[in-house]
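Heads up: the structure comes next, in structure tokens.
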Amino acid sequence: MMKGKELENEVLKALDEIRPFLNSDGGDIKLLSIEGGKLVKVQLMGTCVGCSVNQMTLKSGVEMTIKKYAPQIEQVVNIEVAEA
């Protein structure tokens with residue numbers, strides 16, 4: 001089971017793979033934290049915020065890609081950040 005920096009690096013590789021698809025729609029994604037080696041918290045940004053398909057994107061795209069790189073991850077959640 002991967003831990004710490006190794007796990008973080010694999011998750012970041014997964015985000016790098018998915019980022020061009022988000023960028024093409026004017027969005028982006030940022031890794032916030034990895035908790036307990038099983039839960040990944042991300043923040044969708046740009047046009048991804050408030051997009052009606054972002055939950056689907058998160059589950060089918062982001063979560064699936066992260067699990068490909070780090071199979072121990074069980075869930076990926078988007079943390080909404082309040083606009084200032």
I need the minimum non-hydrogen distance between [X] and [Y], along with the two atoms involved.
X     : Y     : value
Met2  : Ala70 : CE-CA, 3.6 Å
Lys13 : Tyr69 : CB-CE2, 3.7 Å
Ile34 : Glu8  : CD1-CA, 3.6 Å
Gly37 : Gln72 : O-NE2, 3.1 Å
Asn78 : Gln43 : OD1-CA, 3.4 Å
Glu35 : Ser33 : OE2-OG, 3.3 Å

Practice task
Carefully, step by step, assess Thr65 and Leu15 under the rule side chain to side chain contact (heavy atoms under 4.5 Å, CB included).
Solution key: CA-CA 8 Å; Thr65 304; Leu15 295 183; over 6 Å; no

Problem - Verify same cluster id: Val42, Met45 (apolar side-chain graph, 4.5 Å) - result: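 No; Met45 is not reachable from Val42 via cluster members.
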
Practice task
Enter the distance from Ile29:CD1 to Arg19:CZ here, rounded to the nearest 0.5 Å.
Solution key: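 Reported to 0.5 Å precision, the distance equals 7.5 Å.
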
Problem - Separation of Gln75 CD from Glu63 CD (nearest 0.5 Å) - result: 6.5 Å

Practice task
State, with a plain yes or no, whether a side-chain heavy atom of Ile66 is found less than 4.5 Å away from one of Ile18.
Solution key: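 Sidechains of Ile18 and Ile66: no contact.
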
Problem - 4.5 Å side-chain heavy-atom contact, Glu10 and Ile73 - result: no

Exercise for the section: Could you walk me through whether Leu39 and Glu74 pass the side chain to side chain contact (heavy atoms under 4.5 Å, CB included) test, one step at a time? Expected result: CA-CA 6 Å; Leu39 173 69; Glu74 292 175 1; over 6 Å; no

